[in-house]
**Student:** 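Please find one structure pasted underneath; my questions will follow.
All values below come from the heavy atoms of this structure, side chains included, with hydrogens, waters and symmetry mates left out. The chains referred to below are lettered A, B, ... by the order of the sequence lines, with proteins before strands, and numbering in each begins at 1. Since the structure is predicted, the reported quantities are computational estimates derived from the model, not experimental observations.
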Amino acid sequence: MQFVYFASVREAIGRDSEEFELPHDVATVTQCLDWLAESSAQHKTAFADRAKLRFALDQQMVQGDADISGAKELAIFPPVTGG
Amino acid sequence: MQFVYFASVREAIGRDSEEFELPHDVATVTQCLDWLAESSAQHKTAFADRAKLRFALDQQMVQGDADISGAKELAIFPPVTGG
Amino acid sequence: MITVRVQTEFFDVGAELTPLEKLGGGAVASFTGIARQDGDVVAIELEHFPGMTEASLRKLAEQATERWNLLGATVIHRIGRIEVGESIVFVATCSDHRAEALAACSYLIDRLKTDAPFWKKEHREDGRADWVEAKASDNARAEDWG
Amino acid sequence: MITVRVQTEFFDVGAELTPLEKLGGGAVASFTGIARQDGDVVAIELEHFPGMTEASLRKLAEQATERWNLLGATVIHRIGRIEVGESIVFVATCSDHRAEALAACSYLIDRLKTDAPFWKKEHREDGRADWVEAKASDNARAEDWG
């Protein structure tokens with residue numbers, strides 16, 4: 001699965017995007033985060049405050065309990081501040 | 001006192017403005033209208049439907065019961081329709 | 001910064017917005033009223049009460065400025081004959097924040113419709129011309145602002 | 001007629017309003033958001049999610065068009081570095097009547113603030129730069145639209 005990061009999440013992780021093959025038991029967005037958090041100290045820090053994270057699965061905004069099956073891309077970012 | 005007319009009132013009376021010296025017992029806007037209505041058939045017609053008339057005394061919007069003493073100009077017109 | 005104009009000429013919306021955008025506020029809102037295609041109306045004609053018109057528009061702009069802490073307000077109203085498709089009225093506001101700019105813009109156009117001495121006549125294809133009747137809905141909207 | 005653009009370039013408010021004024025509607029409303037002078041902030045920087053941004057803006061414009069029966073809606077958002085005093089975002093609507101155009105314009109800017117994937121960083125005089133925190137008041141306003 002392709003992971004893309006924006007704003008403070010991108011800066012904390014130190015990259016725009018990365019690709020991982022997920023274990024089969026990772027079924028939701030929240031489980032993705034739990035799994036990714038183990039991949040580096042930067043990921044752990046970036047995902048520490050879950051209340052400050054928002055998600056888009058294949059470019060649709062979703063909640064943490066969203067099912068990721070079939071999705072190609074998960075975007076992880078802080079609450080939006082445009083306008 | 002100077003009387004000025006706009007829109008349908010102006011057209012009904014057939015003039016933009018006119019000046020009259022009012023009797024001393026004419027004290028309110030409504031009494032002005034009663035008095036003016038006697039000056040011609042056109043005035044009578046123009047002032048027939050009082051609910052459709054609005055007034056400005058020296059360029060301030062007023063109600064029919066407004067005291068005219070000291071005023072120089074009474075404008076009589078239908079409800080406004082700008083914008 | 002209050003700008004009020006009553007004119008027969010066209011107005012240039014972009015040129016009117018530029019000074020408001022430079023007042024240091026974060027929000028500029030505008031409204032343009034246009035002579036709408038409506039049945040067989042080909043043009044409208046706007047009559048007004050010179051002197052009182054400008055004063056009443058300025059008063060509305062001052063009220064809006066105070067109520068919403070505006071940095072600027074512009075009200076322009078055309079008079080005379082206006083063909084269908086042409087702009088009639090322009091209202092714009094500048095404030096620090098969007099809620100204030102947008103509310104003040106709505107207030108100005110709503111109150112202008114009931115408080116400023118303009119009268120509109122509709123010219124039709126067959127040459128007939130009728131004065132437009134005031135709308136109860138406009139009075140209701142204006143009164144909602146208190 | 002829906003127009004959505006995400007761009008680094010300046011936009012010309014007058015040029016953007018002209019096509020909306022020609023759709024045959026009686027009412028055009030607009031909102032421009034400007035990088036406001038605020039403490040020691042000298043510029044802001046806008047990051048976005050290419051592809052998703054345009055789609056989310058288009059969706060908002062479509063929702064507004066349906067809800068208020070708009071003849072047209074335009075949403076333009078700049079990205080990249082924007083100096084204080086420069087415009088960031090422009091929203092405009094065209095409808096037959098003023099209430100619809102004004103409400104839809106407010107809706108678009110309120111919902112854009114919470115639904116479109118943009119992130120704002122503030123650059124300060126001393127070279128520091130901080131991501132702007134989302135405001136609870138923006139969420140409350142967006143939710144008010146249902």
**Student:** Tell me the closest heavy-atom pair linking Gly83(B) and Lys113(C), and the distance in Å.
**Tutor:** C-NZ, 3.6 Å
**Student:** Does Gly51(C) offer a backbone N or O that forms a donor-acceptor pair with the side chain of Glu54(C) under 3.5 Å?
**Tutor:** yes
**Student:** Write out, in numerical order, the residues from residues 32-55 of chain B with a heavy atom short of 4.5 Å from a heavy atom in chain C.
**Tutor:** Lys52(B)
**Student:** I want to know whether Tyr5(B) and Phe77(B) have ring centres closer than 6.0 Å.
**Tutor:** no
**Student:** Does a side-chain N-to-carboxylate-O contact under 4.0 Å join Lys72(B) and Asp58(B)?
**Tutor:** no
**Student:** Please answer whether the main-chain N or O of Asp65(B) pairs with a side-chain N or O of Gln63(B) as donor and acceptor at a distance below 3.5 Å.
**Tutor:**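 No; judged by distance alone, with no hydrogens or angles, the pair does not exist.
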**Student:** Which pair of non-hydrogen atoms, one from Leu57(C) and one from Ala116(C), has the smallest distance, and what is that distance?
**Tutor:**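 Scanning both residues completely, I find the closest heavy atoms to be CD2-CB, 3.7 Å.
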**Student:** Applying a heavy-atom distance below 4.5 Å, give me the residues of residues 59-93 of chain C that approach chain B, sorted by number.
**Tutor:**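 Only His77(C), Ile88(C), Val89(C) of residues 59-93 of chain C have a heavy atom under 4.5 Å from chain B.
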**Student:** Which atom names give the shortest non-hydrogen contact between Val29(B) and Ile68(B), and what distance separates them?
**Tutor:** N-CG2, 3.7 Å
**Student:** Which atoms of Glu133(C) are under 4.5 Å from chain B, going by heavy atoms: the side chain, the backbone, both sets, or neither?
**Tutor:**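 Backbone plus side chain of Glu133(C), per the 4.5 Å heavy-atom cut-off to chain B.
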**Student:** Need one label for Ala55(C): side chain, backbone, both or neither, based on atoms under 4.5 Å from any heavy atom in chain B.
**Tutor:**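 No part of it gets close to chain B.
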**Student:** Using every non-hydrogen atom in the two residues, find where Leu46(C) and Gly82(B) come nearest and quote the distance to one decimal.
**Tutor:** CD1-CA, 4.5 Å
**Student:** Given 3.5 Å as the limit, does a donor-acceptor pair link the side chain of Gln31(B) with the main chain of Ala27(B), or not?
**Tutor:**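 Indeed, once roles are kept as given, a pair shorter than 3.5 Å links the two residues.
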**Student:** Starting at CE of Met52(C), measure out to CZ of Phe118(C) and round the result to the nearest 0.5 Å.
**Tutor:** 10.5 Å
**Student:** What are the two closest heavy atoms between Arg111(C) and Gly146(C), and how far apart are they?
**Tutor:**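 Closest pair (atom of Arg111(C), atom of Gly146(C), distance): NH1-O, 3.8 Å.
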**Student:** With heavy-atom distances below 4.5 Å as the criterion, would you say the side chains of Asp115(C) and Ser56(C) are in contact?
**Tutor:**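 Side chain of Asp115(C) against side chain of Ser56(C), heavy atoms only: no contact under 4.5 Å found.
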**Student:** Tabulate, in ascending numerical order, the residues of residues 119-129 of chain C having at least one heavy atom closer than 4.5 Å to a heavy atom of chain B, or enter 'none'.
**Tutor:**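 The stretch touches chain B at Trp119(C), Lys120(C), Lys121(C).
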**Student:** In chain order, what residues pass the side chain to side chain contact (heavy atoms under 4.5 Å, CB included) check against Glu143(C), with sequence neighbours excluded?
**Tutor:**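 Partners of Glu143(C) under the side chain to side chain contact (heavy atoms under 4.5 Å, CB included) test: none.
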**Student:** For Glu47(C) and Ala7(B), indicate whether the former's side chain and the latter's backbone hold a donor-acceptor pair under 3.5 Å.
**Tutor:**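 Indeed, once roles are kept as given, a pair shorter than 3.5 Å links the two residues.
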